[in-house]
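Note: hydrogens, waters and symmetry copies are ignored here, and every other heavy atom, side chains too, is used.
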Amino acid sequence: MQFFGGSSLTSVAPESSPAPAAPPGTGTGSNAQVIYVFNRNGVCLLYREWHRPLRTLARNQDQKLMFGLLFSLRSFTAKIDPTSTEHANLGAPLLPGQGCSFHSFKTNTYKLNYMESPSGIKLILLTHPRTGDQRDALKHIYSLYVEYVVKNPLYAPGSPIKCDLFNKHLDLYVKTLI
């Protein structure tokens with residue numbers, strides 16, 4: 001299964017605060033290919049790609065498929081959670097942090113790394129299948145999001161992320177993952 005699309009984003013943000021300290025790169029041959037950032041309502045706030053050899057779907061279709069995949073996987077993992085006696089109906093909405101969750105899965109062509117913040121922001125990083133655990137990388141990307149997007153007085157919550165400083169620091173950090 002592959003997900004495809006593309007875009008470019010630009011904008012304005014204050015440069016007064018320094019970037020959060022990055023965790024060290026994995027050095028395991030990880031190759032960040034694509035990142036998605038969704039809000040709790042399934043709106044794609046950011047799509048960036050660094051290496052994607054083939055694009056077969058329109059950007060909108062790609063984003064809907066990705067969010068649908070996340071929704072289904074999250075519902076499925078909560079439903080089969082062996083530690084919970086209360087199992088909601090499959091597909092029932094879950095609050096952030098509620099129920100069992102997953103961190104990643106891989107195929108023969110990519111690895112999907114996933115993190116959901118307490119506020120419902122979902123970060124998805126597609127990498128090379130041999131990539132190690134990317135939870136620290138996703139936490140760092142989330143800290144960049146908070147620093148350069150959430151704290152930006154010009155950013156309207158729920159709107160697409162168009163912040164040059166965020167994009168710049170994201171690109172610099174992703175280069176350390178390679």
Side-chain angles (χ1 to χ4, degrees), residues 3 9 11 13-14 16-26 30 32 34-48 62-106 111-127 131-163 165-174 176-177:
F3 304 99
L9 299 171
S11 176
S16 60
S17 58
T26 60
S30 66
V34 178
I35 189 166
Y36 297 83
V37 177
F38 289 100
N39 69 8
R40 72 176 73 188
N41 299 322
V43 175
C44 187
L45 304 177
L46 176 72
Y47 172 88
R48 294 288 302 261
D62 180 36
Q63 293 167 0
K64 286 179 185 178
L65 283 173
M66 181 56 73
F67 189 78
L69 173 70
L70 291 175
F71 182 82
S72 298
L73 279 174
R74 193 157 178 268
S75 296
F76 179 71
T77 55
K79 183 71 173 174
I80 64 170
D81 180 4
T83 63
S84 175
T85 58
E86 296 180 23
H87 294 286
N89 293 330
L90 192 59
L94 299 170
L95 298 173
Q98 182 183 17
C100 183
S101 187
F102 71 98
H103 302 289
S104 67
F105 74 83
K106 71 178 178 176
K111 181 176 180 182
L112 184 144
N113 303 276
Y114 172 73
M115 184 189 98
E116 183 172 4
S117 75
S119 63
I121 297 295
K122 296 162 184 58
L123 299 168
I124 300 94
L125 183 65
L126 298 182
T127 61
T131 303
D133 186 9
Q134 295 294 304
R135 283 184 264 184
D136 287 340
L138 288 169
K139 287 176 185 174
H140 179 70
I141 292 169
Y142 181 72
S143 71
L144 291 174
Y145 166 78
V146 169
E147 189 65 33
Y148 295 110
V149 178
V150 175
K151 292 181 179 180
N152 182 348
L154 301 176
Y155 177 71
S159 64
I161 299 169
K162 297 181 180 177
C163 176
L165 278 177
F166 173 74
N167 291 333
K168 175 183 141 192
H169 285 94
L170 178 63
D171 288 341
L172 289 172
Y173 179 65
V174 165
T176 69
L177 298 177

**N/O donor-acceptor pair under 3.5 Å between K111 side chain and G132 backbone** = yes
**Complete:** Sorted by chain and number, sequence neighbours left out, side-chain hydrogen bond (donor to acceptor under 3.5 Å, both in side chains) with N39 holds for none
**Message:** With a 4.5 Å cut-off on side-chain heavy atoms, are L112 and M66 touching?
**Reply:** yes
**Item:** Steps toward side-chain contact (heavy atoms from CB on, under 4.5 Å) verdict (R48, D171)
**Value:** CA-CA 9 Å; R48 294 288 302 261; D171 288 341; 2.7 Å; yes
**Prompt:** Looking at side-chain heavy atoms only, is the closest gap between L45 and I121 below 4.5 Å?
**Reply:** yes
**Request:** Would you give the length of the straight line joining atom CG of D133 to atom CG of N113, rounded to the nearest 0.5 angstrom?
**Result:** 7.5 Å
**Prompt:** Checking side-chain contact (heavy atoms from CB on, under 4.5 Å) for the pair L73/Y114: CA distance, chi angles, key distance, verdict?
**Reply:** CA-CA 11 Å; L73 279 174; Y114 172 73; over 6 Å; no
**Message:** Tell me whether H169 contacts the main-chain N or O of L165 through its side chain, where contact means a donor paired with an acceptor under 3.5 Å.
**Reply:** yes
**Fill in**
Contacts of Y142 meeting ring pair (Phe, Tyr, Trp, His ring centres under 6.0 Å) (sequence neighbours excluded), chain-then-number -> Y145
**Request:** Give, for atom CG of L125 and atom CE of M115, the distance between the pair rounded to the nearest 0.5 Å.
**Result:** 11.0 Å
**Item:** L170 side, atom CG; C163 side, atom SG - distance, nearest 0.5 Å
**Value:** 10.5 Å
**Prompt:** Under 3.5 Å, side chain of T176 to main-chain N/O of Y173, donor-acceptor pair present?
**Reply:** yes
**Request:** Return yes if some donor-acceptor pair links the side-chain N/O of N41 with the main-chain N/O of V43 below 3.5 Å, else return no.
**Result:** no
**Expected output: side-chain K122 to main-chain G120 donor-acceptor under 3.5 Å** = yes
**Message:** Could you tell me if the side chain of I35 sits less than 4.5 Å from the side chain of V174, heavy atoms only?
**Reply:** no
**Request:** Please examine the side chains of K151 and V146, heavy atoms only from C-beta on, and report whether any two atoms are closer than 4.5 Å.
**Result:** yes
**Asked** Hey, mind stepping through F166 and V150 against side-chain contact (heavy atoms from CB on, under 4.5 Å) and telling me if it holds?
**Response** CA-CA 10 Å; F166 173 74; V150 175; over 6 Å; no
**Complete:** NZ (K168) and CG (L172) are apart, to the nearest 0.5 Å, by 6.5 Å
**Request:** Taking all heavy atoms of L138 and all of L123, pick out the closest pair and write down the distance.
**Result:** O-CD1, 3.5 Å
**Distance in Å, F76 CZ paired with L69 CG, rounded so as to fall on 0.5 Å steps** = 12.5 Å
**Request:** Check the angle between the aromatic planes of F38 and Y36 and answer parallel, tilted or perpendicular using the 30° and 60° thresholds.
**Result:** parallel
**Asked** Does a side-chain heavy-atom distance below 4.5 Å link I141 with V37?
**Response** no
**Message:** Please report the interatomic distance CD(E116) to CD1(I124), rounded to the nearest 0.5 Å.
**Reply:** 9.0 Å
**Message:** Strictly distance-based, threshold 3.5 Å: is any side-chain N or O of R40 a donor or acceptor partner for the main-chain N or O of S119?
**Reply:** yes
